[in-house]
Amino acid sequence: MQLPQQLTPISHAALESLFESDALSHWSESTLEQLRYVAGLSKFVADTLSSDGQLQQQLPEMLQAETRCDSYRERLAEQLAGCSDEMQGHRVLRQFRNREVVYIAWRDFTATWTLEESLTHLSQLAEAMIFETYQWQYKICCEQWGTPTNAAGEAQPMLIIGMGKLGGGELNFSSDIDLIFTYPENGETEGARRSIANAQFFTRLGQRIIKALDQQTFDGFCYRVDMRLRPFGDSGPLVMSYAALEDYYQEQGRDWERYAMIKARVMGREMYPEYQELRQMLRPFVFRRYIDFSAIQSLRRMKSMISSEVRRRGLSNNIKLGAGGIREIEFIAQVFQLIRGGREPSLRQRGLLETIDAIEELEQLTAQETQHLRQAYKFLRRLENLLQAMADKQTQTLPECDTEQLQLAVAMGYQQWEQLIADVQTHMANVHAVFGELIGDDEEEQQDIAKHFVELWDMAAKQDVLEQILETDIQAEQSQQMAETIIQFKKDLAKKTLGPRGREVLNRLMPKIFSAIYSHKDAQFGLPRVLHLLHRIVTRTTYLELLDEHQAALIQLVRLCTASPMISEQLGRYPILLDELIDPQQLYNPIPLESYQSELRDFLARIPEDDMEQQMEALRQFKQICILRIAAADIAGVLPVMKVSDHLTYLAEAIVESVVGQAWLQMTEKYGVPSHLKDREGKGFAVIGYGKVGGWELGYNSDLDIVFMHDSPVHSYTDGKKEIDARQFYLRLAQRIIHIFSTRTASGTLYEVDTRLRPSGASGLLVSPTDAFDEYQRQDAWTWEHQALVRARMIYGDAPLQQAFAKTRHEILTLVRDEEKLVKDVSEMRVKMRDHLGGKKAGRFMLKQDPGGITDVEFLAQYLVLRHSHEKPKLTRWSDNVRIFESMMAQGIMEEGAAMALTHAYTSMRDQIHHRNLLNLDADVAEEKFVSERELVMKLWHEWLE
């Protein structure tokens, strides 16, 4: 073993202090010669030796042993038993690990043993460290919280399952250790003052084990402990019982978890009998009884993800992840294990080399192919170990620095780096040829979707890679925030119960979703809304398939969610609405205004009249479908604001008619029909709409302000089996109507209903007889109640009631009023309303309540009608503000310019509220908006009311 001249100074500098101090005076010349060689190749060995006086004493004796792994556990247990506290224990663990790893590195660099011996020592060292830490901490935890037991009082152990290379006995030099913690049965601890649940005990124990191995201290750390392979990953419990583990893998186990489980092995040989029960449970999950060709597609997809990461992170020269690297050899072995392992016991080995032997014996690959795989695996694993042992760093990327390249080449037995690289490339090419033949690439899938959208989904655990894709390929703003949103969405999915079919569809669908989202300029709004909606529907595979198969529906969904959180929330809450997205023609064409009643009747006709629950549910679904269509047309610019309100109002009227019909059916079935209706058609009942519904001005979130009337004489009774007074009948009918509106079913409530505008308000009768309504309006109503009457109309009722209400309204509105009192009453009510409802925000204009806003315009219209109708009775004809201003103009009350400007101010502010409704935003805008409109409204208010 001769160091090249270039590396001699490195060795000399590393050992200078040791030779000066005579620390190695007891070493033999041959051992010192080896030391000079190893120190020129490994900074880690030189540094550890320099800082550890005890190792300087022990190493020559250690190196005389052919093997040390048989005594790892015994020696470590003895040292831990002598620890008085946790800090001392952590020190023992770290020193033990470092000393033994120096021995392993020495043997690797001097090539005095085989690769298999090296991997065995590394794996058994890790197992000893893990299991003896468990034994040490279990004892301490039992003293603190009692011994965990099952229902029969039997002590319960915790099993630590080593995954990946640790499980396969093939751990590399600076590897993480992948673990899963589990215990047999639930129960409680015994023997302590206060018992705790087993789950709690084992969680605390698991945390202490991780800390003992993973925490960085003055002496360094033992291993990076990775628990992400456990059920539900980072978001799952740290420890699970056997039963919970079995449920998870049966219901939710992913393909990659099947691969991981092939190598799973319990730590500590005394735990093997305990582990057999669990292994039997898991076997059907890992090894299918049938020949499972679906595994190839899954492995191909995983490989595609790894290739993307290699490319994105610029991981060229990576002997693990690159084309033909160690990972591809592992994939090749796993393909056969997963496809045929259920049938062929020889393919259920944990070790990779044994698996390759079994593949050759079963003639699944040719002798030459298996020979290539074996040679490449041994070569690359030795190279990986030496690469990591140079500085005890977890890396698989070949060095770029000349000195490190030479060190690695010499350690591998080459004179020059170029010779080493040539052999590396040959081995990797041989592996990739087998891999390509067997697994192929995933290129044919998702050809119509840009690769970066596929990667955006595949890489959704790696923030830096996502940000790079978003910034470079997609050129999205707020890339950090978007990356966090995508990562969180994927984490949340881990907690959902998705079957294999659901996951498969999702993997196909997500790149299409991203492609659609990022075709919009407002992608930063669309992304969280669409992902929130998907999170709500993701367990319903049928809906995912609908979106996957109907590109147009997917595009509509993204478009609507991007434009409106209100719509995305509706779709998430009621996924049945997704069916509406399939036909864009229908989606953007709301029902014609005159057809809402007939369409609703048809919609309900499929449900038996007496099935009240289904009828109520159908009413809500009809409303949601219609609102989705109205909003879609609104977003697309097909409907102006006045038309949006018309549609929402006509929809409400159709629903009111249907609800009255349903309530009537229930009441008459029970009580019969009031006797005064014997010789006439109709129900003798009316619904008066006030405010927005009265003025054809409903918004997306509007309540219904309604008042009920009937025209029953005093001595009318019902004619049913159970006879009651007709007025009592109408009261119950009204209560039933309110119940149908406000009951919360699976699809929510129908409308919030407000009946406080009835005579005498909340203390008055719920249903007014027509004569009592008339009398109240003439004798007891306040000015504000007459104002409300301006915006009132009958939205449901028989002709006699229609005439009675129209007569009362007209006569009340055309009364001669004291002008001074009218101005005072209207102004005071406006101030009172602003004080009560106005919530001022700094720097914002509240569209409804602030001076110059919508309510001022409405009050102006009401004031002008009450002020001038006695002279101009035609002013009472309309209940909506726009046509009131048209009438004012026609009747000469307002000049055309003022009326048009007021109408424009009113409609543009309402339009703004509509769109803010769609965005789930409050009805306020920046102070600098609508300045001229507000000034005009305030000027006219001043002219007329001040």
Please report the closest heavy-atom contact between [X] and [Y], naming both atoms and the distance.
X      : Y      : result
Ile706 : Gly689 : CG2-CA, 4.3 Å
Leu698 : Asp703 : CD2-O, 3.8 Å
Ala494 : Ser235 : CB-OG, 4.4 Å
His914 : Gly699 : CE1-CA, 3.7 Å
Ser702 : Lys692 : OG-CD, 3.3 Å
Val693 : Asp705 : CG1-O, 3.8 Å

Problem set entry | Quiz item: cation-pi between Lys623 and Tyr751, 6.0 Å / 45° | yes

Problem set entry | Geometric cation-pi criterion Lys490 and Trp457, 6.0 Å radius, 45° cone | yes

Exercise. Looking at Asp922 and Arg916, does any basic side-chain N land under 4.0 Å from a carboxylate oxygen?
Worked result: no

Exercise. Below 4.0 angstrom, N of the basic side chain to O of the carboxylate: do Glu477 and Lys521 qualify?
Worked result: no

Strictly by modelled atom types, are [X] and [Y] linked by a side-chain donor-acceptor pair under 3.5 Å?
X      : Y      : value
Glu617 : Thr745 : yes
Ser645 : Arg910 : yes
His452 : Thr472 : no
His647 : Asp634 : no
Glu471 : Gln475 : no

Contact check, side chains of [X] and [Y], non-hydrogen atoms, under 4.5 Å:
X      : Y      : answer
Ile180 : Met163 : yes
Thr749 : Phe741 : no
Val239 : Arg230 : no
Leu456 : Ile474 : yes
Leu847 : Asp924 : no

Verify, without hydrogens or angle tests, whether [X] (side chain) and [Y] (backbone) share a donor-acceptor contact under 3.5 angstrom.
X      : Y      : value
Arg736 : Gln666 : no
Ser595 : Ser598 : no
Arg258 : Phe285 : yes
Arg620 : Met616 : yes
Asn507 : Arg503 : yes

Under 6.0 Å between ring centres, would you say that holds for [X] and [Y]?
X      : Y      : value
Tyr596 : Tyr650 : no
Phe453 : Phe514 : no
Tyr248 : Phe232 : yes

Problem set entry | Residues that Ser568 engages under side-chain contact (heavy atoms from CB on, under 4.5 Å), provided they are two or more places apart | Arg529, Cys561, Pro565

Exercise. Hey, is CZ on Arg228 packed in by over 12 heavy atoms from elsewhere, all under 6.0 Å?
Worked result: no

Exercise. Restricting to pairs with a member in residues 602-615, which pass side-chain hydrogen bond (donor to acceptor under 3.5 Å, both in side chains), not counting sequence neighbours?
Worked result: Gln615-Gln662

